[in-house]
Amino acid sequence: MTTERSLVLVKPDGFGRGLTGEVLRRIEAKGYVLVALRITTPTAEMLAAHYAEHQGKPFYGELVDFMSSGPVTAIVIEGNQCIPGFRSLAGATDPTKALPGTIRGDLGRDWGMGSTENVVHGSDSPESAVREIAIWFPELAG
Ligand code: IDP
Ligand code: MG
């Protein structure tokens, strides 16, 4: 059984530019199912947990400042192999290098913060997805 769930975020740049609908459209057009959706401005505690693997990296401070700068749309999606599948839809981390046809390639660019502003987040493994869904949707955990 390969049905799985992934945690997707429309980051503050994407939310602020009104791209939530376009991201949802691509997820639904791909065929993944929307399980839960919430608009929220993340707390410092949520971001410290979400980005724990990146603590200590040179871009960490800028990343957390950016992610707490405004609302994000948090989404849980479901479908066979939706974790790698959404990563393919999202494209490369750096929106300048992300290929056309991907969310980051079509909708993102360098606005002066390099790779930090890149429209979306997607879980990178089943373990990350479980951990991240518990942060953004504690009611779904367990
Ligand atoms: P991912 O989002 O493609 O999985 P990660 O390496 O997990 O990329 O990095 C998490 C987030 O941190 C990225 O989405 C991006 O917002 C930011 N980031 C990653 N690498 C850099 C960098 O080299 N400079 C600035 N920001 C970065
Ligand atoms: Mg990542």
Side-chain angles (χ1 to χ4, degrees), residues 2-138 140-142:
T2 49
T3 295
E4 60 190 14
R5 290 181 172 184
S6 184
L7 187 279
V8 171
L9 300 176
V10 181
K11 296 183 177 186
D13 58 332
F15 184 91
R17 292 172 56 215
L19 296 174
T20 294
E22 175 62 16
V23 173
L24 292 172
R25 189 194 67 74
R26 291 177 183 226
I27 290 168
E28 290 197 299
K30 180 74 171 174
Y32 299 135
V33 174
L34 303 179
V35 175
L37 186 152
R38 164 174 300 136
I39 296 168
T40 186
T41 301
T43 64
E45 290 73 23
M46 290 167 71
L47 292 173
H50 180 82
Y51 284 126
E53 67 177 302
H54 295 301
Q55 281 180 34
K57 293 186 183 172
F59 59 84
Y60 180 76
E62 189 176 66
L63 173 63
V64 169
D65 285 349
F66 159 62
M67 288 298 295
S68 56
S69 67
V72 308
T73 307
I75 307 154
V76 176
I77 66 172
E78 188 172 79
N80 294 353
Q81 302 200 60
C82 70
I83 293 169
F86 181 80
R87 301 273 298 179
S88 294
L89 289 184
T93 304
D94 182 345
T96 299
K97 295 177 182 158
L99 293 177
T102 66
I103 291 169
R104 288 162 169 170
D106 287 348
L107 308 177
R109 53 160 279 196
D110 186 342
W111 296 92
M113 297 206 327
S115 298
T116 303
E117 296 183 336
N118 60 2
V119 188
V120 289
H121 164 86
S123 304
D124 65 7
S125 69
E127 296 73 25
S128 297
V130 168
R131 188 179 62 78
E132 292 170 1
I133 289 169
I135 295 166
W136 298 86
F137 295 93
L140 294 182

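Every value quoted in this text rests on a predicted model; they were computed, and no experiment measured them. Hydrogens, waters and symmetry mates play no part in the numbers below; they use all other heavy atoms, side chains included. Both ligands and their constituent atoms are indexed starting at 1 by order of listing. The residues of the chain are indexed from 1 along the displayed sequence.
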Q) Does Ser68 reach the main-chain N or O of Val64 with its side chain, forming a donor-acceptor pair under 3.5 Å? A) yes

Q.
Donor-acceptor check, side chain of Glu4 to backbone of Ile83, threshold 3.5 angstrom: yes or no?
A. yes

Q.
I want to check something: taking the side chain as every heavy atom from C-beta on, are Val72 and Phe15 in contact at a cut-off of under 4.5 Å?
A. no

Q.
Quick one, Phe59 and Met113 - any side-chain contact, counting heavy atoms below 4.5 Å?
A.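 No. Closest side-chain heavy atoms not under 4.5 Å.
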
Q.
Within the 3.5 Å criterion, strictly below it, is a donor on Thr73 or Thr20 matched to an acceptor on the partner's side chain?
A. yes

Tabulate below the donor-acceptor pairs under 3.5 Å that side-chain atoms of residues 84-95 make, not counting sequence neighbours, or state none.
residue, atom, partner, partner atom, Å
Arg87, NH1, Gly122, O, 3.1
Ser88, OG, Pro84, O, 3.3
Asp94, OD1, Thr96, N, 2.9

Distance dump, ligand 1 polar atoms to protein, N/O, under 3.5 Å:
residue, atom, partner, partner atom, Å
ligand 1, 2 (O), Arg104, NH2, 3.1
ligand 1, 3 (O), Thr93, OG1, 2.5
ligand 1, 3 (O), Arg104, NH1, 3.2
ligand 1, 4 (O), Arg87, NH1, 2.7
ligand 1, 4 (O), Arg87, NH2, 3.4
ligand 1, 7 (O), His54, NE2, 3.0
ligand 1, 8 (O), Thr93, OG1, 3.3
ligand 1, 9 (O), His54, NE2, 3.4
ligand 1, 14 (O), Lys11, NZ, 2.9
ligand 1, 14 (O), Asn118, ND2, 2.8
ligand 1, 16 (O), Lys11, NZ, 3.0
ligand 1, 16 (O), Thr116, O, 2.8
ligand 1, 26 (N), Thr116, OG1, 3.1

